[in-house]
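Quick notes on the structure that follows.
Because only heavy atoms are used, hydrogens play no part in the values below, and waters and symmetry mates are left out as well, while side chains stay in. In the text below, chain A, chain B and the rest are named by the order of the sequence lines, each starting its count at 1.
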Protein chains: 2
Amino acid sequence: MKWDALEEEPCSLARTIGVIGDRWSLLILRECFLRTRRFEGFQSALGITRHLLAERLKKLVRQGVLRRIPYQESPKRHEYILTQKGLDLYPVMMALVHWGDTHMVDERGRPLLHEHRKCGKMFDPVMVCSECGEPLLAKEVHTHPGPGARPASAKLPAGKPAKAKTPKHAT
Amino acid sequence: MKWDALEEEPCSLARTIGVIGDRWSLLILRECFLRTRRFEGFQSALGITRHLLAERLKKLVRQGVLRRIPYQESPKRHEYILTQKGLDLYPVMMALVHWGDTHMVDERGRPLLHEHRKCGKMFDPVMVCSECGEPLLAKEVHTHPGPGARPASAKLPAGKPAKAKTPKHAT
DNA sequence: AATTGACAGTTCGTTTTTAGAACTGTATGG
DNA sequence: CCATACAGTTCTAAAAACGAACTGTCAATT
């Protein structure tokens, strides 16, 4: 499978993975949420090779996740800042962080705590149903093919186990 | 940076990425939530090379995300099923799917819709504060170093931009 | 005037990962 | 006896990532 093909798949998860589903992109995005904006900032914070960093930034810009904005002329310099599309990845980041907080902490405990300004309390992120507000459990969610579905397309929960005979990934 | 080092970093996001932050693992997990359990099922659904699939499954089992359970003797055969730790990745998956639904759909619309059994409606997942129930915005979240923090450790929002001088990634 | 340093990349040779295809081995069905 | 299902393993070629050095512009020093 070529990775570019992921974006064509009739599966929103696959498409998202095609954009941000590699380790460096996710780490770069973490830095973005941490207010890092410049090439050197990303490079020194992550230890990524400059070559890869340049490539990943280009891709994220191309995908509309980051915007490249000049912050000085003379030697033209740019900053990379999150677009709304990028900011919308916040729930993804929080979900990843929370899972790590729950399952990957060492004896010392969480590396950091989150405070919700609105209520002033330390909190955990919880994923709920937009309609009734109840926390979501995989078992309580049923999926239906949407308008963009294709016959053998992938869904999140439920759906046949793709019983063997499929010659390749469903298209 | 060696990828194994990610799990040691004082950052829950990095640790999570160390476990599930590569494309194939995420796709394998998608299949798990789709009720795929067997080697051939994963292979034919994803088109992943058998070699890599074996490796990724091994890693996910080692990490406690999947459990390898015998379902027949004679030729010993096993199924891979999600542990609780694995099931807890549901919010991550939903967050990824929802981002794709929002930003990566084509003209035809979403590949699939989600129905919440509890309320019977089609829904979107929303990430809220566990304390007050309000939707989370990056701007409204402030982070504090937790017990497992280290001086130059990474946080999610807020925190200095890791101002240049850092020789490598913070450890 | 020449040097150094910050910044944002690019280039290039080496190492590591992945892809792709074939092969191993047990067992059932015909 | 042969084909097929299943779950891997092995091997080589191709692709991606690493590491280190290099390019180029400009400001501030020496």
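- The CZ atom of B/Arg56 sits 4.0 Å away from the CG atom of B/Asp22 when rounded to the nearest 0.5 Å.
- Between the side chain of A/Arg50 and the base of C/dA8, at least one donor-acceptor pair of N or O atoms lies under 3.5 Å.
- Rounded to an integer number of Å, the gap from CD of A/Gln43 to P of D/dG19 is 11 Å.
- Set against D/dT9, D/dC18, D/dA17, the side chain of A/Thr49 has D/dC18 as its closest nucleotide.
- Remark: of the listed residues B/Arg67, B/Arg35, B/Arg38, B/Arg38 is the sole one forming a salt bridge (charged side-chain N to carboxylate O under 4.0 Å, His left out) with B/Glu79.
- The distance between atom CZ of A/Phe39 and atom C1' of C/dA8, rounded to the nearest whole Å, is 6 Å.
- Remark: A/Lys59 is not in phosphate contact with D/dA16, judged by side-chain N or O atoms under 4.0 Å from OP1 or OP2.
- If you measure from atom CD of B/Glu40 to atom P of C/dG25, you get 18 Å, rounded to the nearest angstrom.
- For DNA chain C, the residues of residues 68-81 of chain A within the heavy-atom distance limit of 4.0 Å (strictly under) are A/Arg68, A/Tyr71, A/Arg77, A/His78, A/Tyr80, sorted by number.
- Rounded to an integer number of Å, the gap from CG of A/Leu52 to C1' of C/dT10 is 13 Å.
- Here the C1' atom of nucleotide D/dA20 and the CG atom of A/Leu53 are 16 Å apart, to the nearest Å.
- Nearest nucleotide to the side chain of A/Arg56, out of C/dA8, D/dA7, D/dA17: D/dA17.
- A salt bridge links A/Arg50 and A/Glu40; the closest N-O separation between the charged side-chain nitrogens and carboxylate oxygens is under 4.0 Å.
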Which pairs of donor and acceptor atoms, one on a side chain in residues 120-132 of chain B, lie under 3.5 Å apart (sequence neighbours left out)?
from, atom 1, to, atom 2, distance (Å)
B/Asp124, OD1, B/Arg110, NH1, 2.8
B/Asp124, OD1, B/Arg110, NH2, 3.4
B/Ser130, OG, A/Asp124, N, 2.9
B/Ser130, OG, A/Asp124, O, 3.1

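- Rounded to whole Å, the distance from CG on A/Asp22 to P on D/dA17 is 7 Å.
- Residue contacts shown for B/Arg23 are absent, as no nucleic acid heavy atom lies under 4.0 Å away.
- Taking every side-chain heavy atom of B/His51 into account, C/dG20 is the closest of C/dG20, C/dT11, D/dC18.
- Residues satisfying the side chain to side chain donor-acceptor pair (under 3.5 Å) criterion with A/Thr16, sequence neighbours excluded, are absent altogether.
- Residue A/Ile48 contributes atom CD1, which lies 13 Å from atom C1' of C/dG9 at whole-angstrom precision.
- Here D/dC18 presents its P atom at 11 Å from CD of A/Glu55, a figure rounded to the nearest Å.
- For A/Lys58 and C/dA8, the shortest distance from a side-chain N or O to OP1 or OP2 is not below 4.0 Å.
- Residue A/Trp24 places its side chain closer to D/dC18 than to any other of D/dA7, C/dT10, D/dC18.
- Checking side-chain atoms of B/Trp99 against main-chain N and O of A/Gly86 turns up no donor-acceptor pair under 3.5 Å.
- Contact check, B/Trp3 against D/dA16: no side-chain N or O comes under 4.0 Å of OP1 or OP2.
- Ring orientation note: the planes of A/His144 and A/His142 are nearly perpendicular, at an angle over 60° on the 30°/60° scale.
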